[in-house]
Structures are given as structure tokens and as C-alpha cells.
2 protein chains.
Amino acid sequence: MTPEEFRHAGHELIDWIADYRSNLEQRPVRAQVEPGDIRRSFPDSAPATPLAPDQLLRELEQRVLPGITLVQHPMHYGWFPSNAALASVLGDIASSGLGALGISWESCPALTEVEEVVCDWMRQLTGLSENWEGCIQDTASTSCLTSMLLARERASDYAQNHGGLQGAGKPLVVYTTAEAHSSVIKAALLAGFGSDNLRMVAMDPETHSMRAESLAELVAKDIASGNIPAVVVASVGSTGVTAFDPVAEIAEITVKHDIWLHVDAAMAGSAMLLPECRHLWQGVEAADSISWNPHKWMGTILDCSLMYVRDVQHLVRVMSTNPSYLRSSVDDEVRQYRDWGIPLGRRFRALKLWYHLGIDGIESIRSRLRRDLENAGWFADTVASTEDWKVLVPVKLQTVCIRHEPPGIEGEALDRHTLAWVSAINQSGAAFMSPSMLNGRWMVRVSIGVEATTREHVEKLWTLIQQTVKKPIP
Amino acid sequence: MTPEEFRHAGHELIDWIADYRSNLEQRPVRAQVEPGDIRRSFPDSAPATPLAPDQLLRELEQRVLPGITLVQHPMHYGWFPSNAALASVLGDIASSGLGALGISWESCPALTEVEEVVCDWMRQLTGLSENWEGCIQDTASTSCLTSMLLARERASDYAQNHGGLQGAGKPLVVYTTAEAHSSVIKAALLAGFGSDNLRMVAMDPETHSMRAESLAELVAKDIASGNIPAVVVASVGSTGVTAFDPVAEIAEITVKHDIWLHVDAAMAGSAMLLPECRHLWQGVEAADSISWNPHKWMGTILDCSLMYVRDVQHLVRVMSTNPSYLRSSVDDEVRQYRDWGIPLGRRFRALKLWYHLGIDGIESIRSRLRRDLENAGWFADTVASTEDWKVLVPVKLQTVCIRHEPPGIEGEALDRHTLAWVSAINQSGAAFMSPSMLNGRWMVRVSIGVEATTREHVEKLWTLIQQTVKKPIP
């Protein structure tokens with residue numbers, strides 16, 4: 001494809017995207033396809049002859065679009081917000097157009113240095129001290145695994161340079177809670193700790209926060225047994241119920257025993273853009289690593305997950321590679337982001353964050369976050385004050401965990417009722433919410449925070465929910 | 001940013017990208033900046049007030065562009081080709097515009113199923129059997145780490161579900177060669193094997209291929225010592241000198257001893273689009289995992305690395321997570337790509353591969369690859385037949401390893417001479433090549449394969465090199 005052909009097709013595509021984003025609200029929120037529908041609509045083999053770009057655009061419209069659940073739809077309340085703010089989309093397009101190759105500073109100095117710049121801007125905007133240095137990872141799962149590896153190597157005195165985790169003597173132990181994101185257990189297993197060495201710390205029954213005194217007990221017990229406490233993962237805004245582990249209390253224990261503390265603020269990091277929310281991760285300065293996702297509530301397009309560490313030297317020592325074909329004369333003066341994570345090559349992700357901050361501006365982003373907090377507060381109050389309805393967990397941010405509990409319906413019947421009404425709404429395409437388990441029973445997470453979601457949309461959702469629970473479920 | 005503001009700014013950006021790609025050849029290949037230049041050109045803090053999109057575009061032009069090494073420039077011969085074909089850029093833009101969220105099949109059925117489709121198309125186009133199923137990872141480094149984890153868990157009978165690698169009894173061992181990509185050693189260390197359990201197999205002194213008989217000896221020795229051979233990583237087109245390990249001979253050993261065989265064809269996978277090159281990975285069907293990067297020579301924009309496995313059930317067993325907030329009623333009928341790798345969330349990467357294949361067409365891609373092979377053959381023959389010049393390694397694909405060896409210059413003086421002439425060219429911006437080490441001495445890799453590089457450009461490079469080595473180096 002020549003630049004002129006690209007120019008022509010690019011203009012068409014931009015118009016298509018602008019139309020698509022303008023008309024989202026007319027479409028069903030959830031993809032209205034069955035498993036295999038999309039796959040079967042494609043030919044079995046690659047096209048033998050080239051297609052015109054406008055033909056591909058038609059296929060994108062006809063074959064692909066019906067298979068997309070619209071997470072930017074104002075009636076989307078599922079999972080967590082994933083806004084893909086158009087300013088950040090523009091930055092992402094700039095990144096694609098530049099086609100930069102991030103494998104070393106030399107391969108694209110701007111890619112490295114703009115990433116340094118925006119990570120430092122974000123550090124300031126979330127109130128973190130100058131002790132932290134950051135990079136952009138794809139997701140919080142990857143940051144969590146990376147932090148586990150850093151913890152493992154610190155606790156084992158760099159066992160990777162000897163026998164690794166194999167026959168290394170005293171077992172290294174990982175601590176978190178059952179509310180932690182699934183990626184935490186996954187990371188612990190992938191890092192080689194083994195499930196026997198994974199401790200689920202008790203939680204407060206109301207807030208689902210880690211109980212620091214239970215952590216202290218488990219750590220003491222492990223030390224007495226000859227184990228080495230290696231890492232604690234604290235959730236700051238858990239995925240299930242937006243629980244907040246008490247970072248300051250946990251940090252007292254981790255600092256005392258030289259345990260790595262990773263703060264997983266994947267969701268709630270966005271809230272730290274608001275000074276009034278920062279009490280929710282009080283004590284974070286004593287952690288060893290932090291990750292959070294601008295690609296969630298803040299709304300920078302996926303994939304944009306920030307990871308901060310305090311000890312960069314340790315990070316690089318664990319993660320570095322320095323083959324001759326990547327060496328250059330300036331290696332000692334520059335940051336080599338290949339040594340900050342698992343992949344060698346990286347895209348120019350900093351552009352989407354720069355564009356998002358630059359065009360939308362931090363104050364408009366903050367206003368939107370505050371609007372969402374108010375909407376969530378209104379929704380929670382309204383649900384809680386309605387007969388037969390419960391808000392199951394205190395609402396700290398913008399996700400509200402609810403259940404309709406009509407008299408006489410309990411246990412598995414209640415589960416069936418919950419799944420029935422939420423499925424009816426999700427399948428209709430009128431709105432989308434995520435059912436989730438809490439203490440062994442299904443409930444519904446209503447996660448407010450799509451850019452386009454106004455108070456009217458939240459009111460519309462509440463009306464829709466109330467109408468649906470009254471209907472007989474087929 | 002509203003859709004209408006996006007539309008306006010998007011059109012400007014598309015024009016800017018088309019102009020940028022049209023005028024690449026007038027710019028210096030390597031970024032002409034010093035460490036810190038770009039960083040210092042940005043303000044210390046995020047902009048307090050929003051900027052207009054056209055202002056950001058001017059800043060992109062003035063601040064960022066000088067810091068980009070132009071890997072699509074026709075005089076770029078560094079590292080490996082990273083073409084970012086404009087057809088794939090268009091697909092990447094479509095992905096950004098759709099803002100899809102890939103965390104489960106339900107969150108975007110099209111994202112999952114189009115990825116299935118294009119991975120299967122690519123399987124067919126590279127001559128792999130139906131025994132393989134694939135996904136798109138960010139880079140070959142990540143695929144390599146994932147394969148190491150799969151190998152580790154198979155060899156340890158799923159130790160992750162017990163004590164992990166800690167105190168697990170017999171040490172698990174990894175085998176590769178010194179020619180393997182730096183990510184292989186990194187993956188082995190991150191996976192927890194430890195450097196003591198990493199064996200560097202001897203290579204053929206001329207071709208730098210792994211010697212299968214040396215592998216057999218090491219494996220036998222490890223078994224005799226009570227160790228468990230867990231994984232062999234075979235390089236199919238190594239980064240340093242494009243060496244090819246003998247996959248069929250290696251597979252005989254791995255099959256016999258139930259050792260995981262990972263084939264790292266990051267670069268040479270593109271060559272497998274050409275039937276006449278497939279002898280270079282003969283025996284690949286007996287491997288357990290394969291990875292290769294369409295984002296290299298084939299030219300799909302970064303990040304697009306294919307990973308194929310034969311035993312999907314094992315893959316999912318090692319990498320899966322299934323929290324309640326991601327469950328849906330169709331879980332058993334669909335592919336959940338979150339269980340195929342480390343990150344939970346994924347972008348809609350399949351679009352760039354679909355667009356690349358769709359618009360450019362496989363036959364035009366194949367023609368270009370063949371053109372590059374011919375150009376590399378011409379360049380190698382020309383260099384080899386010139387006095388005082390050597391082609392240091394037999395040329396199997398499109399990368400030529402050369403050295404100017406004038407009489408009387410040897411050892412460290414030769415290193416200084418090599419680095420002097422290649423640095424002079426790289427710094428000038430007229431062309432770019434990667435110096436690299438071979439047997440402890442510097443040489444220069446000339447990697448041909450940028451989309452815009454014609455025979456005339458290669459001839460121009462050779463003239464430039466010859467002129468440069470004659471000049472007194474300051």
C-alpha cells in the first residue's frame with residue numbers, strides 16, 4: 001500500500017470511526033452473536049487476491065462490528081470502565097503512523113524519553129513522591145508478575161544467577177487475599193512459588209479488606225517454620241467489590257520483615273488523580289512497586305498500564321539483557337526500557353497518554369471522575385433505600401454491588417433469580433452489568449464510569465432493573 | 001474530545017502520516033539527538049490547560065520526530081526489518097478506533113474469533129499442519145517465557161499446584177546455544193530455572209548451528225546426574241548471524257526424552273511464507289511450541305508475534321484464570337485468550353494482520369521477500385568478491401555479516417576499525433547498520449528487508465561503505 005493509497009483509505013477510516021463513536025448509543029451494548037458466528041463469517045483461508053481498502057471497511061462493518069461488546073456505550077456498566085477517550089485514540093493512531101521500534105534507546109530515543117516524561121507527569125498527578133520511577137506495561141497482570149519476580153529475586157539473593165528456585169532451601173511465601181485479582185494468583189504460580197506457598201490472608205467481613213493483624217500472624221508463623229515471607233500483594237480497589245487493603249498497616253509489617261510490597265491499584269489508581277481519594281492508599285510510599293491502569297476509568301485507550309518501582313537498580317538487575325547487537329555508546333546515559341519488563345520490543349505507548357492529557361486536560365478528566373463518584377453515590381443511595389434491594393459492600397468509588405432479595409427467595413433460588421434478571425438485561429442489549437460472586441452467592445456489579453454515561457443514563461438503568469426484576473423470568 | 005473534534009483532528013493526522021511516510025528518504029536514518037534532548041524539550045509537569053490537537057501535531061513534528069530512528073527508511077539495515085506496512089497500520093488504526101476490550105470472549109467475540117481466523121490463515125501460509133493452534137502475543141520474548149513455563153510445568157508434573165519450583169527435587173534443565181536470542185536466557189532465569197541449570201550447547205564453528213550430538217551428550221549427562229531435561233530452545237534464524245539449529249535432529253532427542261522443544265523463529269518465520277525456505281525448519285512438526293514475528297520482515301506493524309502450540313489443553317491448564325466476574329454461560333464453547341498468555345487484557349491485534357493480508361495480499365508480500373533474498377545474495381557475493389572484505393557466515397536469508405579486514409589490522413585494532421567505519425555511517429544518518437559481536441570480535445550486520453529498499457539502495461550502501469572505510473577515521 002502506497003502512502004497515497006493510505007491517505008485515501010485513512011480518511012475514510014477516520015470518518016467511519018467518528019461515525020461509529022457518534023452512534024454508539026443506537027447499538028446494543030453486548031455483542032449479539034453466538035459462539036462461532038464471527039469465525040464462520042470469514043473464509044477458511046487467507047484471501048488469494050488483494051481486497052480494496054473500502055471493501056475491507058465494509059467487511060469490518062458487517063462481519064466484525066456485530067461481534068463487539070460496546071464498552072464505550074453509555075449503558076455499559078460491566079467489568080470496569082474502558083473508555084478509550086478519543087484524544088488517546090488520536091495518540092494511538094500517531095503511534096501506529098510513526099511505526100517506531102522500541103528495542104533500545106537508540107532504536108527510538110523519543111519513545112523512551114516521552115515514556116519517561118509522561119510516567120513522571122502521572123506520578124505527580126497521583127501525588128507520589130520523587131522516589132518512584134515508572135514505565136508503561138501492557139496490563140496490570142504483567143506488572144504483577146514482574147513485581148513477583150523482583151520480590152522473588154530480592155528474597156532469594158538473586159537465586160536466578162545460581163540454582164534458581166530449584167532446591168533453593170527455605171521456601172519463599174506470597175501473601176494476598178481472596179479478593180485479589182485473579183492475576184495475582186496466576187503471577188504467583190507463574191513465578192514458580194507454588195500454591196503451597198500462597199497464603200490467603202483473612203479479610204474484614206464487611207469491607208473485604210485484608211486484616212493486617214492476620215497478615216502479621218501468618219508472617220510470624222512462616223518465619224517460625226523456617227519459611228521466608230517474600231511478597232505481599234495489597235489490592236487498592238479490588239475487582240470483585242472494590243475493596244481497599246490497609247496499605248499503611250500492611251507496610252509496617254513488610255518494612256519490618258523486609259518483604260516486598262506490591263500495590264495493585266489497577267482500577268483505583270485513576271481515583272488517585274483526585275487528592276480527596278488519596279487516603280484510600282495511605283502508606284503507599286512504603287511499598288516497593290505499584291501498578292495501575294490509565295486504560296480503565298481514567299480512559300486512556302488499552303493497553304496502558306503504569307508500573308512504578310523505587311529501586312530501579314534492582315529492577316534492571318533482575319530483568320536486564322544486554323546482547324552485543326543492541327549495545328551502543330550511550331548505554332550508560334540512557335534508560336533502556338527493555339530491562340524494565342518481559343518483552344524486548346515495545347510500541348510508542350506514551351503518545352496515547354500524552355495526547356489524552358494534552359487534549360482533554362487533567363482538570364476535565366478529574367471533573368469526569370468526580371461526576372462518576374456522584375452518580376455512583378446517588379445510585380447506591382437509591383438502591384439501598386428501596387425495598388427488597390441491598391447494596392452489599394460499602395461504596396468507596398464508582399462500583400456498586402447490588403442484589404434484589406425479595407422475601408422468601410434464598411440460597412440457590414436467589415442465585416437463579418439474580419442471574420436471571422441480569423442475564424435478561426445483558427441479553428437485551430439495553431444495558432450491560434457483570435454478575436460476580438460474593439461469599440459464594442451471585443450478585444451484580446454496576447460499574448459506573450463510561451465517559452458518555454450521565455446521571456440520566458444511570459437513572460435509566462435503575463428503571464430498567466426495577467422493571468426487569470418484576471417480570472416473570474422465562 | 002468529541003467525535004466531531006476527533007474527525008477533524010484525525011484527518012489532519014492521516015495527512016501528516018501519509019506525508020511522513022512519503023518523505024522518509026529525505027530524513028536521516030538514525031535519530032540525530034543526544035541522550036536527554038527529547039526529555040528536556042518537554043515541560044516538567046503535565047500541561048495545566050488543554051492544547052489544541054493541531055498544536056500537539058506540531059509538537060509531535062518538532063519535539064518527537066527528531067528522536068525517531070527511521071526503521072522504514074530504505075537505507076535502514078539495522079537489527080531486523082520492522083516494516084509497519086501501511087496496510088497493517090490501517091488495521092491498527094481500526095483497532096484503536098474500535099477501542100475493543102479483550103478480557104474474555106464475551107467482552108469482544110470478534111476480537112477472539114478474528115484472532116483465531118488469522119492465526120489459522122498464517123498457519124496454512126507457513127505450511128504448518130492442523131495440529132497447531134495459535135494466538136498473537138506482543139513479542140517473541142513473551143512467547144519464549146510462556147513456552148518455558150509450559151515446559152517447566154510439564155516436566156514437573158504441574159509443580160505450580162504444589163510447592164512450585166521450590167524444593168521440588170530433581171533440577172529441571174534448559175538447553176540452548178550462545179547464538180540464541182538474549183530473551184531465551186532471560187526467560188529461563190525469569191521462569192526460575194536458574195543459571196546453574198542452563199546449558200549452552202556447542203555449535204558448528206562455521207554455521208553457528210546447534211550440534212545435535214552435543215545436545216544428546218549433555219542430555220545424557222544430565223539424566224545420569226539425576227537432573228530432568230525440561231526444555232530445548234532451537235533458534236531458527238538467530239539474531240546475531242541468522243543461524244539455523246537443526247530442528248529435525250534436535251526433535252529426535254526431545255521426543256525420545258520427552259523434553260519440551262520451543263522453536264524461536266522470531267525472524268525466520270517470515271521466510272516460511274516461501275515454500276522454498278521451509279527446509280530451514282524441517283522437523284518443526286515435532287516441536288511443542290513455535291513463535292515468530294510478522295512484525296519483523298513480513299512487515300505487519302509491531303506488536304504482532306505469533307505463538308503456536310500443539311497441546312492447547314496443557315497451555316490453558318498452566319496459564320488459566322477463571323474468576324467469577326469473567327464467567328459467562330458460553331465459557332465451554334469459546335476460546336478464552338486470557339488463558340493463552342500472561343496479560344488478561346488484549347488489544348484487537350488481529351485486525352492489523354487481517355488488513356495486511358487483505359490489502360497487500362500474500363503474493364505481493366512473498367514477492368517482496370524474494371526480492372530481498374536476491375538483494376542479500378547480490379550484496380553477499382559482491383562483498384565476498386572484493387579484496388580485504390569478508391562475509392563471515394554463510395548467508396541463509398537476508399542478513400549479511402561482514403567485516404573489512406585490511407592487511408595488518410587485527411585484534412583490537414580491527415575492532416576499532418570496524419566500529420569506526422560503521423559508527424561514521426550510522427552517525428551521518430545516510431544509512432544504519434548494527435555492529436555485533438562474533439567470536440569475540442566486532443562485525444557488522446547488514447539486514448536487508450525494508451519494504452522501500454530496492455537494489456539501487458543496496459548498491460548505494462555498498463558504495464557508501466567502501467568510501468567510508470577508505471577515509472581516515474578521526
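Reminder, nothing fancy here: chain letters follow the sequence lines and each chain counts from 1.
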Using heavy-atom distances under 4.5 Å, tell me whether [X] contacts chain A through its side chain, its backbone, both, or neither.
X: Asp15(B); result: both
X: Ile301(B); result: side chain
X: Tyr355(B); result: both
X: Leu98(B); result: both
X: Ala84(B); result: side chain
X: Leu60(B); result: both
X: Val64(B); result: both
X: Leu57(B); result: both
X: Ser305(B); result: neither
X: Asn426(B); result: neither
X: Met122(B); result: neither
X: Leu419(B); result: neither
X: Asp138(B); result: side chain

So for [X], is it side chain, backbone, both, or neither that comes closer than 4.5 Å to the heavy atoms of chain B?
X: Leu56(A); value: both
X: Asp303(A); value: both
X: Leu149(A); value: side chain
X: Phe193(A); value: both
X: Glu59(A); value: both
X: Asp19(A); value: both
X: Ser195(A); value: both
X: Val117(A); value: side chain
X: Leu86(A); value: both
X: Leu145(A); value: side chain
X: Leu351(A); value: side chain
X: Pro66(A); value: neither
X: Ala18(A); value: both
X: Arg346(A); value: backbone

key: Under-4.0 Å salt bridge between Arg30(B) and Glu106(A)   =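 A salt bridge links Arg30(B) with Glu106(A).
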
Is there a donor-acceptor pair under 3.5 Å between the side chain of [X] and the backbone N or O of [Y]?
X: Ser95(A); Y: Phe348(A); result: yes
X: Arg7(B); Y: Ile14(A); result: no
X: Glu116(B); Y: Arg335(B); result: no
X: Arg152(A); Y: Leu190(B); result: yes
X: Trp121(B); Y: Pro47(A); result: no
X: Arg338(B); Y: Ile103(B); result: yes
X: Gln72(B); Y: Gly99(A); result: yes
X: Ser183(A); Y: Ser141(A); result: no

query = Is the NZ or CZ atom of Arg63(A) positioned over Phe42(A)'s six-membered ring, under 6.0 angstrom from the centre and within 45° of the axis?
reply =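 Positive - Arg63(A) is close enough to the ring of Phe42(A) and near enough to its axis.
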
Output the option from [options] having the highest count of non-hydrogen pairs under 4.5 Å with chain B.
options: Gly36(A), Pro35(A), Ala140(A); result: Pro35(A)
options: Gly358(A), Ala85(A), Pro171(A), Ala9(A); result: Gly358(A)
options: Ser45(A), Gly102(A), Ala100(A); result: Ser45(A)
options: Thr142(A), Thr112(A), Asn293(A), Ile93(A); result: Ile93(A)

Using a cut-off of under 4.5 Å for heavy-atom pairs, which of [options] has the most such pairs with chain A?
options: Arg21(B), Lys186(B), Met319(B); value: Lys186(B)
options: Ser364(B), Gly97(B), Ala188(B); value: Gly97(B)
options: Ile362(B), Asn83(B), Asn161(B); value: Asn161(B)
options: Ser107(B), Ala48(B), Ser41(B), Ala87(B); value: Ser107(B)
options: Val334(B), Leu172(B), Leu111(B), Val71(B); value: Leu172(B)
options: Ile38(B), Leu357(B), Ile359(B), Asp37(B); value: Ile359(B)

key: Counterpart residues, side chain to side chain contact (heavy atoms under 4.5 Å, CB included), relative to Ala31(A) (two or more places apart)   =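 With sequence neighbours excluded, Ala31(A) shows a side chain to side chain contact (heavy atoms under 4.5 Å, CB included) to Val33(A), Thr69(A), Pro109(B), given in chain and number order.
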
query = Can you find a pair of side-chain heavy atoms, one from Leu344(A) and one from His181(B), that are under 4.5 Å apart?
reply =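 Yes, their side chains come closer than 4.5 Å.
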
request  = Would you check if Glu113(B) and Trp105(B) make a side-chain contact, meaning some heavy-atom pair closer than 4.5 Å?
outcome  =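 Yes - at least one pair of side-chain heavy atoms lies under 4.5 Å apart.
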
Does [X] have more than 12 heavy atoms from other residues, nucleotides or ligands lying within 6.0 Å of its [atom1]?
X: Glu34(B); atom1: CD; value: no
X: Asp44(B); atom1: CG; value: no
X: His11(A); atom1: NE2; value: yes

key: Derivation and outcome, side-chain contact (heavy atoms from CB on, under 4.5 Å), residues Met1(B) and Asp360(A)   = CA-CA 6 Å; Met1(B) 183 173 222; Asp360(A) 282 351; 3.8 Å; yes

